[in-house]
Structure formats: structure tokens, C-alpha cells
2 protein chains.
Amino acid sequence: MDDQLSQDLNTIPLLSGLSARTLLQLRGVALRRTYAPGALILLEGDPCAAVFFIVSGQARIYRLSPQGRQQVLATLGPGQGFNTVPPFVPEAFNPASAEAVSETAVLTLRKEDFVSLVRVCPDLSWAILEDFASRLLHLTDLVEDLALRSVRGRLARFLLEQADGLYVTRQWTQDEMAVHLGTVRDVVGRALRSLVDAGLLRIERGRIILLSREGLEAETDS
Amino acid sequence: MDDQLSQDLNTIPLLSGLSARTLLQLRGVALRRTYAPGALILLEGDPCAAVFFIVSGQARIYRLSPQGRQQVLATLGPGQGFNTVPPFVPEAFNPASAEAVSETAVLTLRKEDFVSLVRVCPDLSWAILEDFASRLLHLTDLVEDLALRSVRGRLARFLLEQADGLYVTRQWTQDEMAVHLGTVRDVVGRALRSLVDAGLLRIERGRIILLSREGLEAETDS
DNA sequence: CGCACGCTACGACAAAAGTCAGGTTCACGT
DNA sequence: ACGTGAACCTGACTTTTGTCGTAGCGTGCG
């Protein structure tokens, strides 16, 4: 019983807690797929056919504007699910696009299978409630950011979030930051420089050093 | 059994579908309160003590910036609930402020009562899932609006949404629109005028007339 | 009637955000 | 070594957004 699919299921907290009986059922309907880096997993506006859970790799969830600008809603890693919202509303369309950041493996469930699973399993429905709740909070923060803060303020917040202590080690390109902050590369570049000029940051190859968390916190408002 | 509380419960779809037994339980723990127009119902950042359901009136849910600017997240009417999210996350703080728009009556449940109610009642938890799902979609749209559209575009979308056919009858002040659109009064004023100049709107006392829904749809992108 | 108040109009201005073009650096593969 | 492309820097420029002060206009009320 510890084949590929079982291992995959174990990496997904939402599903791994299910009863042995439900798991057995699940094995019959779950499908495993992999995507190359950059591959489109689903397109916003399409009818919702399935829900996804990431086994390995990362996926970026985003919206596109008519002009082609992006806004990232979330970047998800192993164990997290996406496109789990539309099954619960009457007209089920994918609310956002998703693409693989790195080589990414997912489990998919047809919408109907997912819904009936949730119906019979209170634990699962509770887990999804918690998931939705935290996503609502996250989106609310994002809305506040976009509506009430300048790019500079958003960038400061973003860096504070990303930083592990004083160091942001993950390599972010300005373009990536831009789509997270709801703006464009050039503007991120300027904002970064202006924070550097203000003595709040230092940029070295491959990482960013926060010289003053307090200073950045202050930039946060406005 | 058809006292005040029963009537109140009946106006709330989320709760009215509960079993007679659960309802009885509910009657013991639900509290009725009323708020004058403009009264603050809850303040963002405070520890979450209770969840709310509107019996009559309206409530505006919003976030405040350090500078005092607002962003409205939702305006809710009878039957709808708010502050229902924090009970599902580990550290429960009110995610937003709420104030009564008109004279407003609410039922409140202590967080713990609400949670145990959800735990024992699958119908309720399903209903909340649906509620959360539609709120996630709504917030996602809001994020796209704020990140990817100009004020002009947002205003166009807003008016199209508000309009019943070609007429927006509800009296919106520019200030109210501004807090919905994540901007300030002056800017809404300018955007309105520019849409009027473009021949897409006419403004009469007490209402706004959309002269061309197609034209406004076009303004929608950007 | 006259006054206060809320809402709006308008113009001038400042700041922020977005756009564009040219040039630099650096990693990578041939 | 060389070319290529991605990422980034830079400055100039436009547009959008935000801010301010002043003024008009209607409604309601003493």
C-alpha cells in the first residue's frame, strides 16, 4: 500500500488525515500529473473541471489584466491546494490562472469527486474551512496593501515578510516582486534604490540585507 | 415559539436551516443588539470575541490605513454574517472594522458557541464554505481591480455593477464611492466628470444615467 | 429669511506611478 | 572567446493619482 500515490497523498495535510476507507475511495479517482517549469496549469475563466493539490514543486496563482499585466495572488508549495474555491459556488469558473514555477507534480480530483468527498467527511470540510479562512485574511491584507499603501510601503512590507532575520536569501527578480506588488519592474527598481539611498537596505549579489527593520516598519505606513 | 428571537433567526439563511434541536440550543446563546447609524460595531485588530449576523439594517466592513483612509471590503444587509472568519484561524483577531450604515440589528454568537455549532452541524459548515467561497471570489476581483485597473476603469465597473439597467438610483456620494474604489473623493469627482465628458454618463440630481453600457465596458480595461 | 452644513466643482499643484529608450553587467552555452 | 539573453541601472518623460484651497449650491433648521 505504499506505492507512489500513497506517498503523494501523505504530503498533502488536507487529505492525509482522512479515514482509511475514504483514502481507498480517493485512490480510485485521484490523478497525478506533472508540469514543466513555466507550464500553464489552468487558465482563469475556463469552466472549473478539477481541483489541484501540489505534491512537489511550486505553483504561482495569478490574475491577468487585459493589457497583460499580472497580479500574483499566491505562490504555493507542496501540500497546498488550489482551484478549490469554484466547486462551492453555483457557476464554477477558474478564478485565476496557475502556472508551474519549477518542475511540479500535482494530484487532481474532478470537481464532483472533490465535492462529494467534502460532503461525507467533516474533518475535510473543517480543514477546508480553515484553509479558506486563512486565505481570506491573506487577501484582505493584500487589498489593504493595494488600496492604501504606496509601492514603497508595499515593498517594505514585502521585504520584511520575506526576510529571515535581516537577510532575504531567496533570489527575487524585480519582475517577480513587481507582479507580487501589483506594479511593474521599473517602479520596483526605483523603490528599491530609494530604500537603499535611505540607508534601510543593502543589495548584494544574490541577497538583500535589511539594515534597519525599524526603519522599514516605519516606511510601511503610506 | 415565534417570539422576537425566532423571527430574527428566520431572517438569517445560514442559521434558519438548522435542526429544531440545534435551534433550541442556539436560542440560549444568541444575543440581540442594535446599533445607531454610524455606530462602530467592531474594530480591526481587537481579539475576536463574537460573530455577527445582520437581522435588519446594513453594515459596512472596511479597513483603515494609518493615515485614516478607508477601503470598504463589503457592505452587508439582512441575513449576512461578518467576522465569521477569525474563529477558524489560530490567532483570532478581527480582520476589519464594521460600522452600522443605518439603524442596524444584529444577532451575535460568542466565538466558542459558533465554533461548536459548526462542528456539530454539517449543513452549517457547508453553508459557511459556500459563503467563504463567494467572498474569496469577490475579494479576488477586488484585488484585480486595485492592482490592474485605473480609477477610471474601476469606477466604470462599479457603476455597471450598481446600475439596474441604465439607471443607478441609489444615492451614492462621491465619498462613499471613493472608499469602495480605494481612492479619495476628489479623484472620483474627476473620473466622473471625465466619463460625463466622454458622453458615457449623465448625472441628474439623485441618480446617474448610463448612456452607453458598451462604452463603459470598454473603459473597464485599464 | 439667513445660516450652517454636507456635498460638489474647479483649478493649481505635488507626488507617485507608469512608460520608454539606451546602456551595463553577468551567466551561460556554443 | 564570443555571442546571446536575462536582469538590472539610469535618466527623461507622461500620465495618473493625491492634496489643497477656494468657491458654489442645495437642504434643513432655527
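Per chain, numbering begins at 1; letters A, B, ... match sequence-line order.
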>> Measure CD/A/Q71 against C1'/C/dG18 and give the value in whole Å, please.
In response: 16 Å
> Given atom CE of A/M177 and atom C1' of C/dA17, what is their separation to the nearest angstrom?
Replying inline: 17 Å
>> The side chain of A/V184 is closest to which nucleotide in this list: D/dC9, C/dG18, C/dA9?
In response: C/dG18
>> Output the rounded distance in Å from CD1 (B/I203) to C1' (C/dC7).
In response: 13 Å
> Starting at CD of A/Q171 and ending at P of D/dA6, how long is that distance when rounded to a whole Å?
Replying inline: 17 Å
> Between C/dC10, D/dC8, D/dT17, which nucleotide has the shortest distance from any of its atoms to the side chain of A/Q174?
Replying inline: D/dC8
> If each of A/L192 and B/S150 is mapped to the nucleotide of DNA chain D with the nearest heavy atom, which maps nearer the 5' terminus, i.e. the 5' end?
Replying inline: A/L192
>> In this structure, how many angstroms lie between the P atom of D/dA23 and the CG atom of B/D186, rounded?
In response: 17 Å
> Do the rings of B/H180 and B/W172 sit parallel, tilted or perpendicular, given the 30° and 60° boundaries?
Replying inline: perpendicular
> Under 3.5 Å, is there a donor-acceptor pair between the side chain of B/S97 and the main chain of B/E44?
Replying inline: yes
>> Test your reading of the model: is there a side-chain donor-acceptor pair from A/R33 to the backbone of A/I41, 3.5 Å cut-off?
In response: no
> How long is the line joining CZ of A/R149 and C1' of C/dA15, in whole Å?
Replying inline: 19 Å
> How would you label the contact of B/V151 with the nucleic acid (heavy atoms, under 4.0 Å): base, sugar-phosphate, or nothing?
Replying inline: sugar-phosphate
>> With a cut-off of less than 4.0 Å, is there a side-chain N or O of A/T183 near OP1 or OP2 of C/dG18?
In response: yes
> Can B/R193 and B/D197 be counted as an ion pair, charged N to O under 4.0 angstrom?
Replying inline: no
> Salt bridge check: are B/E176 and B/R170 linked by an N-O gap of less than 4.0 Å?
Replying inline: yes
>> Any N or O donor-acceptor pair under 3.5 Å from the base of C/dG18 to the side chain of A/R190?
In response: yes
>> Rounded to whole Å, please give me the gap between CD in A/E176 and P in D/dA6.
In response: 14 Å
> What nucleic acid atoms does B/R69 come within less than 4.0 Å of, heavy atoms only: base, sugar-phosphate, or nothing?
Replying inline: sugar-phosphate
> Please give, in whole Å, the distance from D/dG18 C1' to B/R154 CZ?
Replying inline: 12 Å
